[in-house]
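Okay, structure first, notes after.
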Amino acid sequence: VKTQPGVGEMLKELMPREADLTILPMKPPDRIPNTQWIHDRVLETLLASRSDFATYANLGGHQTLSLTTPGRDLTPDLALCDRESFVVRHLVEVETFESLTDAQAEKWAAEAHGPWRLWILVPQNATGKAAELLRRRGIPARLGSWSERPGGVTIRWPERAPIARGQER
């Protein structure tokens, strides 16, 4: 997410104290290149979809968006904020087969406890594994799926989602 000078400070003033928006120095990608590519393709599909929220994303494996909460900094893949107040309403994590791990579930657990709803998007044929990770840790998140198709990505939400259902890019 690139911002103009001063935008980070403006957003910080508008965000509630318990979830301030912070722009961090770039962190190198943790994922292997092909995995990062599909992760970002899914994230770009979400960003291009219709939403009633202002969207902020961590693309390319670089953690440039952070939510500062008491005792922890969160770096979700996508934050959806109210357009007028900039209050965070939803966090979205996009996962690949390789990132569905206990360590990633620990990150979800930290992100699930805030004044927002947490959404986890996983490959379509990995929903069982993701549901088991959520169940074992008691994480209150909504689970959706994504799948590649020729020419794009399809997102499937389980219920009314903050981003339009069935959007493709």
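- Contact of the L46 side chain with the W146 side chain is not registered, since no non-hydrogen atoms from C-beta on lie closer than 4.5 Å.
- A 4.5 Å side-chain heavy-atom check between T45 and L43 finds every atom pair outside the cut-off.
- When every heavy atom of F97 is checked against every heavy atom of A126, the shortest pair comes out as CE2-CB, 3.8 Å.
- Residues L100 and E98 fail the side-chain proximity criterion, which asks for heavy atoms closer than 4.5 Å.
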*Between E95 and H39, does a side chain to side chain contact (heavy atoms under 4.5 Å, CB included) hold up when you go through it step by step?*
CA-CA 7 Å; E95 303 302 340; H39 170 273; 5.9 Å; no

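- Relative ring orientation between F53 and H90 is described as perpendicular, the plane-to-plane angle rising above 60° on a 0-90° scale split at 30° and 60°.
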*Please report the C-alpha distance between L67 and R72 in whole Å, then the side-chain angles of each, then the deciding distance to 0.1 Å, and finally whether the side chain to side chain contact (heavy atoms under 4.5 Å, CB included) criterion is met.*
CA-CA 8 Å; L67 298 174; R72 63 186 188 266; over 6 Å; no

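- The heavy-atom pair separating Q124 from S145 by the smallest distance is CA-CB, 3.7 Å.
- Looking at every heavy atom in both residues, L91 comes nearest to P76 through CD2-CG, 3.7 Å.
- Residues Q104 and E93 form a side-chain contact, since some pair of their non-hydrogen atoms from C-beta on lies under 4.5 Å apart.
- Ring orientation note: the planes of W157 and W119 are nearly perpendicular, at an angle over 60° on the 30°/60° scale.
- No donor-acceptor pair closer than 3.5 Å links the side chain of D82 to the backbone N or O of V87.
- Put simply, CD on E44 and CH2 on W37 are 9.0 Å apart, with the number rounded to the nearest 0.5 Å.
- Listed here is the closest heavy atom pair of D77 and V94: OD2-N, 2.7 Å.
- Considering CH2 of W116 and CD of E111, their distance stands at 8.5 Å, rounded to 0.5 Å.
- Taking the side chain as every heavy atom from C-beta outward, T127 and L143 approach each other to under 4.5 Å.
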*Can you list the steps and then say if T96 with I38 is a side chain to side chain contact (heavy atoms under 4.5 Å, CB included)?*
CA-CA 8 Å; T96 61; I38 189 59; 4.0 Å; yes

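- In this structure, D40 contributes its side chain and L59 its backbone to no donor-acceptor pair below 3.5 Å.
- Here the closest heavy-atom approach between residue K107 and residue T75 is recorded as NZ-O, 2.9 Å.
- The pair E132-R135 meets the salt-bridge criterion, since a charged nitrogen lies less than 4.0 angstrom from a carboxylate oxygen.
- Here R89 pairs with nothing under the salt bridge (charged side-chain N to carboxylate O under 4.0 Å, His left out) rule; sequence neighbours left out.
- Here the closest heavy-atom approach between residue A105 and residue I139 is recorded as O-CD1, 3.4 Å.
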*Any chance you could lay out the side chain to side chain contact (heavy atoms under 4.5 Å, CB included) test for D73 and T68, step after step, and finish with the verdict?*
CA-CA 5 Å; D73 287 341; T68 302; 3.3 Å; yes

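- A heavy-atom distance below 4.5 Å is not found between the side chains of R142 and I120.
- Atom CG of L47 is separated from atom CG of L78 by 5.5 Å, given to the nearest 0.5 angstrom.
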